[in-house]
Novice: 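Mind looking over this structure? Questions follow.
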Amino acid sequence: MVKVLVLFYSTYGHIWQMAEAIAEGARQVEGAEVVVKRVPETLPTEVLEKMYAVDAQKAFAHIPVATTEELPSYDAIILGSPTRFGTMAGQLKSFLDATGGLWATGALVGKVGSFFTSSATQHGGNETTIISSIPVFLHHGMVYAGLPYSCATQMGLDEIKGGSPYGATTIAGGKGERLPSDQEKEMARFQGKHVATLAKKLSQ
């Protein structure tokens with residue numbers, strides 16, 4: 001049995017949908033136990049209301065909130081966050097900043113890590129967001145897994161879409177009007193399966 005955690009922060013639901021696709025892919029690996037959780041929201045309700053995010057977040061309010069203490073119980077941790085000025089959202093960063101105790105004890109050394117994200121535009125910082133997350137995994141001694149080009153979906157020019165060798169991405173639109181496409185979800189499933197497969201091999 002290999003345990004995979006898909007841990008995300010989502011404001012309007014785009015990353016939640018990608019997280020569910022990631023989990024679908026990971027569950028395709030025999031013996032994989034996959035858990036989807038979210039990090040705590042740090043913005044007050046009045047701010048979320050001004051962002052028109054309260055109703056959107058109700059769709060995934062049933063997803064349980066993770067704690068840092070549970071992270072060592074997983075063989076792979078796949079993180080997801082929207083892009084905020086070319087880096088991860090503060091909610092996820094705050095959660096990761098609280099993992100110093102795990103770093104001090106080497107609790108995550110040798111586990112597999114991966115990342116997925118979304119941005120408003122094609123060049124809105126998807127790749128920099130993922131790349132800037134990699135040091136967190138490396139400081140914890142984790143093995144980073146991206147989205148290899150064996151996932152040919154990311155190569156096509158048939159539609160505007162996300163995708164990168166660093167991890168699955170989606171493009172939400174300036175007003176969040178665009179939900180993840182079938183091809184973007186396909187890339188997310190590929191990534192989830194890829195990470196779970198690597199974790200299974202490393203745990204043997």
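Because the structure is a prediction, the values reported are computed rather than measured.
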Novice: Rounded at 0.5 Å granularity, tell me how far CG in L48 sits from OG1 in T42.
Specialist: 8.5 Å
Novice: Might you point out which heavy atoms bring G110 and L202 nearest each other, and give the distance in Å?
Specialist: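 Taking G110 first and L202 second, the nearest heavy atoms are O-CD1, 4.2 Å.
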Novice: Is the shortest side-chain heavy-atom distance between S181 and E159 below 4.5 Å?
Specialist: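 They are in side-chain contact.
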Novice: Does any N or O in the side chain of T83 come within less than 3.5 Å of the main-chain N or O of G86, such that one atom is a donor and the other an acceptor?
Specialist: no
Novice: Short question: side chain of T117, backbone of S81 - any donor-acceptor pair under 3.5 Å?
Specialist: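 The answer is yes, because a donor-acceptor pair under 3.5 Å joins these two groups.
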Novice: Please step through side-chain hydrogen bond (donor to acceptor under 3.5 Å, both in side chains) for the pair S203 and D75, ending with a clear verdict.
Specialist: CA-CA 8 Å; S203 65; D75 301 294; 5.4 Å; no
Novice: Between K58 and D55, does at least one N-O distance fall below 4.0 Å, as a salt bridge requires?
Specialist: yes
Novice: To check you understand the geometry: which heavy-atom pair defines the closest contact between A145 and L198, and what is its length?
Specialist: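 Of all heavy-atom pairs spanning A145 and L198, the closest is CB-CD1, 3.6 Å.
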Novice: Mind telling me whether H62 and W16 have parallel, tilted or perpendicular rings, with 30° and 60° as the class edges?
Specialist: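 W16 vs H62 ring planes: perpendicular.
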Novice: Quick one: does V109's side chain get under 4.5 Å of H140's, heavy atoms only?
Specialist: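 A side-chain contact is absent here, since even the closest heavy-atom pair is not under 4.5 Å.
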Novice: Any salt bridge linking R27 with E33? Criterion: basic side-chain nitrogen under 4.0 Å from a carboxylate oxygen.
Specialist: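 Salt bridge between R27 and E33, a charged N being under 4.0 Å from a carboxylate O: no.
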Novice: So which heavy atom on G167 is nearest to which on S164, and how close?
Specialist: O-OG, 2.9 Å
Novice: Mark yes or no for whether S132, through its side chain, and T129, through its backbone, hold a donor-acceptor pair below 3.5 Å.
Specialist: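 Yes.
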Novice: Restricting to pairs with a member in residues 160-171, which pass salt bridge (charged side-chain N to carboxylate O under 4.0 Å, His left out), not counting sequence neighbours?
Specialist: D158-K161
Novice: Side-chain donor-acceptor pairs under 3.5 Å in residues 187-197, sequence neighbours left out?
Specialist:
from: R189; atom 1: NH1; to: E24; atom 2: OE1; distance (Å): 3.3
from: Q191; atom 1: OE1; to: A168; atom 2: N; distance (Å): 2.6
from: Q191; atom 1: NE2; to: S114; atom 2: OG; distance (Å): 2.7
from: Q191; atom 1: NE2; to: F115; atom 2: O; distance (Å): 3.0
from: T197; atom 1: OG1; to: K193; atom 2: O; distance (Å): 2.7

Novice: side-chain hydrogen bond (donor to acceptor under 3.5 Å, both in side chains) for S118 and R178? Distances and angles first, verdict last.
Specialist: CA-CA 11 Å; S118 70; R178 181 183 182 275; over 6 Å; no
Novice: Can you check whether V112 reaches I77 side chain to side chain, under 4.5 Å on heavy atoms?
Specialist: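 A side-chain contact is absent here, since even the closest heavy-atom pair is not under 4.5 Å.
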Novice: How close do E30 and K200 get, counting heavy atoms only, and between which atoms?
Specialist: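 Minimum heavy-atom contact is O-NZ, 2.9 Å.
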Novice: I'd like to check K111 versus V143 (side-chain heavy atoms, cut-off strictly below 4.5 Å). Are they in contact?
Specialist: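 SC-SC contact between K111 and V143 ruled out.
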Novice: Run the side-chain hydrogen bond (donor to acceptor under 3.5 Å, both in side chains) check on T11 and Q57 step by step: do they pass?
Specialist: CA-CA 7 Å; T11 306; Q57 291 189 355; 5.0 Å; no
Novice: Contact between K37 and V65 at the side-chain level, heavy atoms closer than 4.5 Å - yes or no?
Specialist: no
Novice: Does any part of the side chain of H14, heavy atoms only, come nearer than 4.5 Å to the side chain of P82, both counted from C-beta?
Specialist: no
Novice: Are Q28 and V34 side-chain neighbours, meaning at least one heavy-atom pair lies under 4.5 Å?
Specialist: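 Q28 does not reach V34 side chain to side chain.
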Novice: Side chains of M18 and F8: does their closest heavy-atom pair fall under 4.5 Å?
Specialist: no
Novice: Linking I/L/V/M/F/W/Y whenever their side-chain heavy atoms sit closer than 4.5 Å, directly or via other members, would L96 and L71 fall into one cluster?
Specialist: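 Same cluster.
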Novice: Going by atom type alone, with no hydrogens or angles, which donor-acceptor pairs under 3.5 Å involve a side-chain atom of residues 169-176 and a protein atom two or more places apart or on another chain?
Specialist:
from: T169; atom 1: OG1; to: G163; atom 2: N; distance (Å): 2.6
from: T170; atom 1: OG1; to: E184; atom 2: OE1; distance (Å): 2.6

Novice: Examine M88 and I15 and state if one hydrophobic cluster contains both, with Ile, Leu, Val, Met, Phe, Trp and Tyr joined whenever side-chain heavy atoms are less than 4.5 Å apart.
Specialist: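 Different hydrophobic clusters.
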Novice: Report yes or no: do L5 and L79 belong to one cluster of Ile/Leu/Val/Met/Phe/Trp/Tyr joined by side chain heavy-atom distances under 4.5 Å?
Specialist: yes
Novice: Taking all atoms of both residues into account, what is the closest heavy-atom pair of G80 and L92, and its distance?
Specialist: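 In this case the closest contact between G80 and L92 is O-CD2, 4.0 Å.
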Novice: Can any side-chain N or O of T99 pair as donor or acceptor with the backbone N or O of L102 at less than 3.5 Å?
Specialist: no
Novice: Y166, I22: one ILVMFWY side-chain cluster at the under-4.5 Å cut-off?
Specialist: no
Novice: Before giving the answer on side chain to side chain contact (heavy atoms under 4.5 Å, CB included), spell out for V35 and Y74 the whole-Å C-alpha distance, their side-chain angles and the decisive distance to 0.1 Å.
Specialist: CA-CA 9 Å; V35 177; Y74 299 98; 3.9 Å; yes
Novice: Any donor-acceptor pair under 3.5 Å linking the side chain of T87 with the backbone of R84?
Specialist: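 Looks like no, no N/O pair under 3.5 Å.
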Novice: For E41 and Y9, what are the C-alpha separation, side-chain angles and deciding distance, and is it a side-chain hydrogen bond (donor to acceptor under 3.5 Å, both in side chains)?
Specialist: CA-CA 8 Å; E41 178 60 79; Y9 172 74; 2.7 Å; yes
Novice: Rounded to the nearest 0.5 Å, what separation is found between the OH atom of Y149 and the CD atom of Q154?
Specialist: 5.0 Å
Novice: Does Y12 belong to the same Ile/Leu/Val/Met/Phe/Trp/Tyr cluster as F116, with side-chain heavy atoms less than 4.5 Å apart forming each link?
Specialist: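 No, Y12 does not connect to F116 through the hydrophobic network.
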Novice: To check you understand the geometry: which heavy-atom pair defines the closest contact between A26 and V4, and what is its length?
Specialist: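 That closest heavy-atom pairing would be CB-CG1, 4.4 Å.
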Novice: Under the side-chain hydrogen bond (donor to acceptor under 3.5 Å, both in side chains) definition, can you give me all pairs with a residue in residues 44-54, not counting sequence neighbours?
Specialist: none
Novice: Do T153 and E186 have a side chain donor and acceptor closer than 3.5 Å?
Specialist: yes
Novice: Judged by atom type as modelled, is there a donor-acceptor pair below 3.5 Å linking the side chain of T105 to the main-chain atoms of G101?
Specialist: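 Yes.
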Novice: Checking F137 now: which residues fulfil ring-ring contact (aromatic ring centres under 6.0 Å, His included) with it, not counting sequence neighbours?
Specialist: Y144
Novice: Which residue pairs pass the salt bridge (charged side-chain N to carboxylate O under 4.0 Å, His left out) test when at least one of the two sits in residues 116-130, sequence neighbours left out?
Specialist: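 For residues 116-130: none.
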